[in-house]
Undergrad: 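To start, I am sharing the structure in question, which I have written as structure tokens.
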Amino acid sequence: MVRTLLVRGLLMGLLAGLVAGGFAFVFGEPRVDDAIALEEAAAGTAAHDHAAEEAAHDHTAGEAAHDHGEGAAVSRPAQKAALFLATGLYGLAVGGVFALVFAGLRGRVGPRSDGRLALAAAGTAFGAVILVPFVKYPANPPAVGDPETIDSRTLLYVVMILVGLAATAIAVATARRVTTGDDWARWVAAVAAFLVPVAAAWWLLPAVDEVPDGFPATLLWQFRLASLGTQLVFWTAFGVLFGWASDRVARRAAAPAPLAVPG
């Protein structure tokens, strides 16, 4: 059974990753292009000013100015083509992990229906792994962020993911301990158990604000919304696809076997 769920998770994760890649291509890549254009314009202005300063002291400044425009890495068309590869691989990885977790939850926690459990688990994963760290440390486009702080920023983001997962585990355990029989009391206790450690982490962990002065606020938030939207599309598509496939398999297993016709 676990092997079947794993194959299902890998396949549905790949499909959901490609769907999310299409969303990112349409809504996210134009924002990336705009941010890169701003970064290149700022770099060109800095290079021009630097060349002008060198020209006042050295007649070989033309060669130095020429060096600033070289060193191009992967081209933008290649990056856009690789976007679907990246989201597809992301979907495969997430789908495999999700399937293993789903196998552990099935019949123990959450709705009894496999389809509803898949949707609930996907929604919970989006909230814990994506939304919780995003609120504290939202995504930034190119030209935003100090390269020297990337390690510390990555560590803080991972800490927020761990906090979200731990808060989810605490919320589930709390809901199972509430035995009043009142669903509202169970939900209130679970939400409170989830929000307390998350809010504490949001308040205690240091803020990261490296947006340069003059960077367009509209572009910044368009990029962040596109980034969050890509994850929302992925987890929605994955939850629906995984849940649909799971319910379909369950219906086939529950269907009565056809009667044998005597010869």
Side-chain angles (χ1 to χ4, degrees), residues 17 20 23-24 27-28 31-32 35-36 38-39 86-87 89-91 93-94 96-98 100-101 104-105 109-110 120-178 186-236 238-239:
F23 180 91
F27 295 99
R31 310 288 83 79
V32 175
I36 290 176
L38 287 174
E39 185 178 29
T87 56
L89 292 175
Y90 173 80
V94 171
V97 174
F98 182 92
L100 296 177
V101 174
L105 296 177
V109 177
T124 302
F126 172 78
V129 179
I130 304 301
L131 194 57
V132 167
F134 183 89
V135 171
K136 180 66 176 181
Y137 303 116
N140 287 325
V144 174
D146 184 358
E148 296 183 357
T149 64
I150 188 171
D151 291 338
S152 60
R153 286 186 281 121
T154 301
L155 178 60
L156 289 172
Y157 194 87
V158 171
V159 169
M160 280 306 309
I161 292 177
L162 296 177
V163 170
L165 293 174
T168 300
I170 294 172
V172 171
T174 301
R176 297 185 69 178
R177 287 179 177 274
V178 176
R186 185 178 294 108
W187 276 104
V188 170
V191 171
F194 178 83
L195 289 179
V196 168
V198 169
W202 284 343
W203 182 57
L204 294 174
L205 290 177
V208 176
D209 185 8
E210 297 180 351
V211 179
D213 295 335
F215 191 89
T218 300
L219 176 58
L220 177 65
W221 282 105
Q222 284 177 343
F223 176 87
R224 288 176 173 177
L225 289 176
S227 176
L228 184 62
T230 299
Q231 291 289 347
L232 179 60
V233 167
F234 171 81
W235 283 103
T236 301
F238 179 73

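Quick note: numbers below take in every heavy atom, side chains included, and nothing from hydrogens, waters or symmetry partners. Please read all numbers here as calculations on a predicted model, not as lab measurements.
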Undergrad: For V196 and I170, what are the C-alpha separation, side-chain angles and deciding distance, and is it a side chain to side chain contact (heavy atoms under 4.5 Å, CB included)?
TA: CA-CA 10 Å; V196 168; I170 294 172; over 6 Å; no

Undergrad: Mind listing the closest non-hydrogen atom pair of V178 and A189 along with its distance?
TA: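 So the two residues come closest at CG2-CB, 3.8 Å.
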
Undergrad: Could you measure the distance from the NZ atom of K136 to the CH2 atom of W203? Nearest 0.5 Å is fine.
TA: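 Reported value, rounded in 0.5 Å steps: 11.0 Å.
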
Undergrad: Strictly distance-based, threshold 3.5 Å: is any side-chain N or O of T124 a donor or acceptor partner for the main-chain N or O of A120?
TA: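 Answer holds: yes.
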
Undergrad: Work out which heavy atom in I161 is nearest to a heavy atom in P133; give both atom names and the distance.
TA: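 In this case the closest contact between I161 and P133 is CG1-CG, 3.9 Å.
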
Undergrad: Between V32 and P141, is there a side-chain heavy-atom distance shorter than 4.5 Å?
TA: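 Counting from C-beta outward, P141 and V32 never come under 4.5 Å.
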
Undergrad: Output the distance between atom CG (L219) and atom CG (L38), rounded to the nearest 0.5 Å.
TA: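 Answer rounded to 0.5 Å: 6.0 Å.
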
Undergrad: Taking the side chain as every heavy atom from C-beta outward, state whether W202 and M160 have any atom pair closer than 4.5 Å.
TA: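 The answer is yes; the side chains approach within 4.5 Å.
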
Undergrad: Using 0.5 Å steps for rounding, measure from the CG atom of L220 to the CG atom of L225.
TA: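 Taking CG in L220 and CG in L225, the distance rounds to 9.5 Å.
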
Undergrad: To the nearest 0.5 Å, what is the distance between CD (E148) and CZ (R153)?
TA: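 It is 10.5 Å, given to the nearest 0.5 Å.
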
Undergrad: Look at the side chain of W235 and the backbone N and O of I130, then say whether any donor-acceptor pair between them is shorter than 3.5 Å.
TA: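 No: the side chain of W235 does not pair with the backbone of I130.
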
Undergrad: Of the non-hydrogen atoms in A128 and T168, which two are nearest, and what is the gap between them?
TA: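 Heavy atoms of A128 and T168 come nearest at CB-OG1, 3.2 Å.
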
Undergrad: Can you name the nearest heavy-atom pair linking Y137 to L205, along with the distance?
TA: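 Closest approach of Y137 to L205: OH-CB, 3.4 Å.
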
Undergrad: Flag yes if more than 12 heavy atoms outside E210 fall under 6.0 Å of its CD atom; otherwise flag no.
TA: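 Counting neighbours around CD of E210, more than 12 heavy atoms of other residues, nucleotides or ligands fall under 6.0 Å, so yes.
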
Undergrad: Minimum heavy-atom separation for G164 to F194, with atom names?
TA: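 Residues G164 and F194, closest heavy atoms: O-CE1, 3.9 Å.
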
Undergrad: Can you name the closest pair of heavy atoms from A122 and F98 and give their distance?
TA: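 Between these two residues, the closest heavy atoms are N-CE1, 3.7 Å.
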
Undergrad: Working to the nearest 0.5 Å, report the span between CZ of R176 and OG1 of T174.
TA: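 Going from the CZ atom of R176 to the OG1 atom of T174 covers 11.5 Å.
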
Undergrad: Is atom CG of L204 surrounded by more than 12 heavy atoms (other residues, nucleotides or ligands) closer than 6.0 Å?
TA: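 Yes - once you tally the heavy atoms of other residues, nucleotides and ligands closer than 6.0 Å, there are more than 12.
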
Undergrad: To the nearest 0.5 angstrom, please state how far the CG atom of D209 sits from the CG atom of N140.
TA: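 Those atoms lie 8.5 Å apart.
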
Undergrad: If we ignore hydrogens and angles and just use 3.5 Å, is the side chain of T149 paired with the main-chain N or O of D146 as donor and acceptor?
TA: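 Indeed, once roles are kept as given, a pair shorter than 3.5 Å links the two residues.
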
Undergrad: Please confirm whether the backbone N or O of R224 pairs with a side-chain atom of R31, one donor and one acceptor, at under 3.5 Å?
TA: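 Between the backbone of R224 and the side chain of R31 there is no qualifying donor-acceptor contact (under 3.5 Å).
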
Undergrad: Check the pair F234 / Y90 against ring pair (Phe, Tyr, Trp, His ring centres under 6.0 Å), numbers first and verdict last.
TA: CA-CA 10 Å; F234 171 81; Y90 173 80; 5.1 Å; yes

Undergrad: Check whether any side-chain heavy atom of F126 sits under 4.5 Å from a side-chain heavy atom of L228, and report yes or no.
TA: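 Yes, close enough: below the 4.5 Å cut-off.
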
